[in-house]
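Below, read A as the first sequence line, B as the second, and so on, with proteins coming before strands; counting in each chain starts at 1. These numbers come from a predicted model, not from an experiment.
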Amino acid sequence: MPKIAPHFSKKLIAWYLQNKRELPWRNTLDPYRIWLSEIMLQQTRVLQGLPYYLKFVEAYPKVEDLANAPEDDVLKLWQGLGYYSRARNLHATAKIVSEEMSGVFPDNYKGLLKLKGVGDYTASAIASISFNQPEAVVDGNVYRVLSRFFGISTPINITAGQKEFKTLAQQLIDRAQPGTFNQAIMEFGARFCVPQNPDCGNCIFNENCWAFQQKRVAELPVKIKAKPVKKRFFNYMVVLSENEQTILQQRTGKGIWQKLYEFPLIETSEEMNLSALKNLQQFEDFSKGLNIEDISLFNEKSVIHKLSHQHLNTRFWIVEISEEKESSIPISEVKNYAVPVLIADFVSEFFENY
DNA sequence: AACTCGGGGTA
DNA sequence: TACCCAGAGTT
């Protein structure tokens, strides 16, 4: 164990008690609410997740309420938060806890780790915060704080780095107050030891911080570069009948946005104009059975919807038809479906100009 | 071990 | 533009 450990932990917790934000999940030890907050905050900023947490707690105060909700409702409430597998796993886990565990969450790391959507970080967070177990969390904040303070240049996104930082955090944790220690180191990373231009001159740790002393703060933590994003080309076919009915489809299978809804999609390898689009077999399949009167491009400039690993170059085509299909819905009801932000943005713009 | 999964904030 | 965010699951 590093000699500094007791001192580091004590100082860190003192800072936390003076500087922590008041957040709703800090007023409870209820494992359901801790679990809910931790799932929502995975790869998500506190300020982005906060309104979703409040919505979920209000709609589903107990794990049974979440378990009894339709999956579509859960996805709709999750809309806009991203990484939708979290919502699907959240719902599945609520059902298991509610129906197979009598509504009681596992009270230790090993048991929590078996739940869908709960990995090393989340299991440690719940075990420490709700059950006072000495399980150290390692999130992006922890990587940053520890890599700088101890001068560790092992990349954080390879297995060796993850193991090294987990071991170190586990050695540093205050075993008398593990939940407070975990939240303290994360809060310190989020609020003080920030990625860019941290205020090291006023940092409580600067005398003992390796990176500050060596003037290497900007170089840590080390992360292997991600590969460049892919470009994709989406053509959404916005069917519109005379009485404003449209067609939505639910995304199935693998890939982005599983189980969310969208307009019929024709994906191409490049940006398409109308005549090229009409020549595709996919267009043939789409238009079968539709009485198409006219097709027009809604957005002259393609929308570039940016995900972390792909850019979606998107065109919305207004497809006017004379006879609506059985499966159609009023376009005004699209807002009741869980849709990607890309679709939600189109719909609101569509109604502004309508 | 590498890849995939969102959307938004920040410099 | 590039990087990051209270990471996990799949290939």
| For atom CG of N157(A) and atom P of dC4(C), their distance in whole Å | 9 Å
| message | Within the 4.0 Å heavy-atom criterion, would you say R26(A) contacts the bases, only the backbone, or no part of the nucleic acid? | response | base
| query | Quick one: on DNA chain C, does L113(A) or Q48(A) contact a more 5' nucleotide (nearest heavy atom)? | reply | Q48(A)
| In whole Å, what separates the C1' atom of dA6(C) from that of dC3(B)? | 23 Å
| message | Within the supplied structure, the quantity of interest is the number of heavy atoms (other residues, nucleotides, ligands) at a distance under 6.0 Å from K95(A) NZ; does it exceed 12? | response | yes
| task | With the side chain of L41(A) defined as its heavy atoms from C-beta on, choose the nearest nucleotide among dC4(C), dG7(B), dA6(C). | result | dA6(C)
| said: Any base atoms under 4.0 Å from T122(A), or only sugar-phosphate, or nothing? Heavy atoms, all strands. | reply: sugar-phosphate
| request: List the atom of N27(A), the atom of E22(A), and the distance in Å for their closest heavy-atom pair. | output: OD1-OE1, 3.7 Å
| said: Taking any heavy-atom pair under 4.0 Å as a contact, classify Q258(A): base, sugar-phosphate, or nothing. | reply: nothing
| query | How long is the line joining NE2 of H311(A) and P of dG8(B), in whole Å? | reply | 15 Å
| Can you tell me how far C1' of dC5(C) sits from CD of E187(A), to the nearest Å? | 14 Å
| request: Report yes if at least one side-chain N or O of Y84(A) is closer than 4.0 Å to OP1 or OP2 of dG7(B); otherwise report no. | output: yes
| Any R144(A) side-chain N or O less than 4.0 Å from OP1/OP2 of dC5(C) | yes
| Which residue lies toward the 5' end of DNA chain C, K225(A) or N89(A), if each is placed at its nearest nucleotide? | K225(A)
| Rounded to whole angstrom units, what separation is found between the NE2 atom of H91(A) and the P atom of dA8(C)? | 21 Å
| task | Assign S85(A) to base, sugar-phosphate, or nothing according to its heavy-atom contacts below 4.0 angstrom with the strands shown. | result | nothing
| What is the nucleic acid contact for G189(A), judged by heavy atoms within less than 4.0 Å: base, sugar-phosphate only, or nothing? | nothing
| request: Please confirm whether any donor atom in the side chain of Q43(A) sits under 3.5 Å from an acceptor in the base of dG7(B), or the reverse. | output: no
| Is the shortest side-chain N/O distance from H309(A) to OP1 or OP2 of dT4(B) below 4.0 Å? | no
| query | If you check the E38(A) side chain, which of dG7(B), dA6(C), dG7(C) turns out closest? | reply | dA6(C)
| Nearest-nucleotide pick for I256(A), side chain only, options being dA6(C), dG6(B), dG7(B) | dG6(B)
| Quick one: Q310(A) CD to dG6(B) P, roughly how many Å, whole number? | 8 Å
| said: Name the residue from V303(A), I318(A), V238(A) that meets the side chain to side chain contact (heavy atoms under 4.5 Å, CB included) definition with F298(A). | reply: I318(A)
| What is the nucleic acid contact for G80(A), judged by heavy atoms within less than 4.0 Å: base, sugar-phosphate only, or nothing? | sugar-phosphate
| field | Separation of atom NZ in K227(A) from atom C1' in dC5(B), rounded to whole Å | value | 13 Å
| task | Output the single nucleotide from dC4(C), dG6(B), dG7(C) whose closest atom is nearest the side chain of L307(A). | result | dG6(B)
| request: Check every strand shown and say whether N182(A) touches a base, only sugar-phosphate, or nothing at a heavy-atom separation below 4.0 Å. | output: nothing
| note | Contacts of K230(A) and H305(A) projected onto DNA chain B by closest heavy atom; the upstream (5') one is K230(A)
| request: Write down the distance between CD (E219(A)) and P (dC3(C)), rounded to a whole number of angstrom. | output: 15 Å
| query | Closer than 4.0 Å, any side-chain N/O of K306(A) to the OP1 or OP2 of dT1(C)? | reply | yes
| task | Please work out whether the ring planes of F192(A) and F188(A) are parallel, tilted or perpendicular, with thresholds of 30° and 60°. | result | parallel
| Parallel, tilted or perpendicular: which describes the rings of F8(A) and F205(A), with under 30° parallel and over 60° perpendicular? | parallel
| task | Classify the nucleic acid contact of V142(A) as base, sugar-phosphate or nothing, counting any heavy atom under 4.0 Å across all strands shown. | result | nothing
| Taking the side chain of M186(A) as its heavy atoms from C-beta onward, which of dG6(B), dA6(C), dG8(B) lies nearest to it? | dA6(C)
| Side-chain N or O of N141(A) closer than 4.0 Å to phosphate OP1/OP2 of dA6(C) | yes
| query | W78(A) near the nucleic acid: base, sugar-phosphate alone, or nothing, with a heavy-atom cut-off under 4.0 Å? | reply | nothing
| Can you find a heavy atom in the side chain of V347(A) that is under 4.5 Å from one in the side chain of F316(A)? | no
| Does any N or O donor sit under 3.5 Å from an N or O acceptor when you compare the side chain of R45(A) with the base of dC4(C)? | yes
| said: At 4.0 Å (heavy atoms only), tell me whether L81(A) reaches a base, stays on the sugar-phosphate, or touches nothing. | reply: base
| remark: The answer to which of A160(A) and D345(A) contacts DNA chain B further toward the 5' end, by nearest nucleotide, is A160(A)
| Got a donor-acceptor pair under 3.5 Å from the side chain of Y121(A) to the base of dG7(C)? | no
| said: Using 0.5 Å steps for rounding, measure from the CZ atom of R191(A) to the NZ atom of K20(A). | reply: 12.5 Å
| Can you tell me how far C1' of dG6(B) sits from OH of Y52(A), to the nearest Å? | 10 Å
| task | Would you mind classifying the nucleic acid contact of V194(A) as base, sugar-phosphate or nothing, using non-hydrogen atoms under 4.0 angstrom? | result | nothing
| said: Is the distance from the ring center of F212(A) to that of F149(A) below 6.0 Å? | reply: no
| Is T44(A) side chain donor-acceptor paired with the dG6(B) base, going by distance under 3.5 Å alone? | yes
| query | Distance check: side-chain N/O of W257(A) vs OP1/OP2 of dG7(B), anything under 4.0 Å? | reply | yes
| query | When you compare dG8(B) with dG9(C), how far apart are their C1' atoms, in angstrom units rounded to a whole number? | reply | 23 Å
| Validation row, ring centre W317(A) to ring centre Y236(A) under 6.0 Å | no
| query | Rounding to the closest angstrom, what is the interatomic distance between dG9(B) and dA8(C) at atom P? | reply | 23 Å
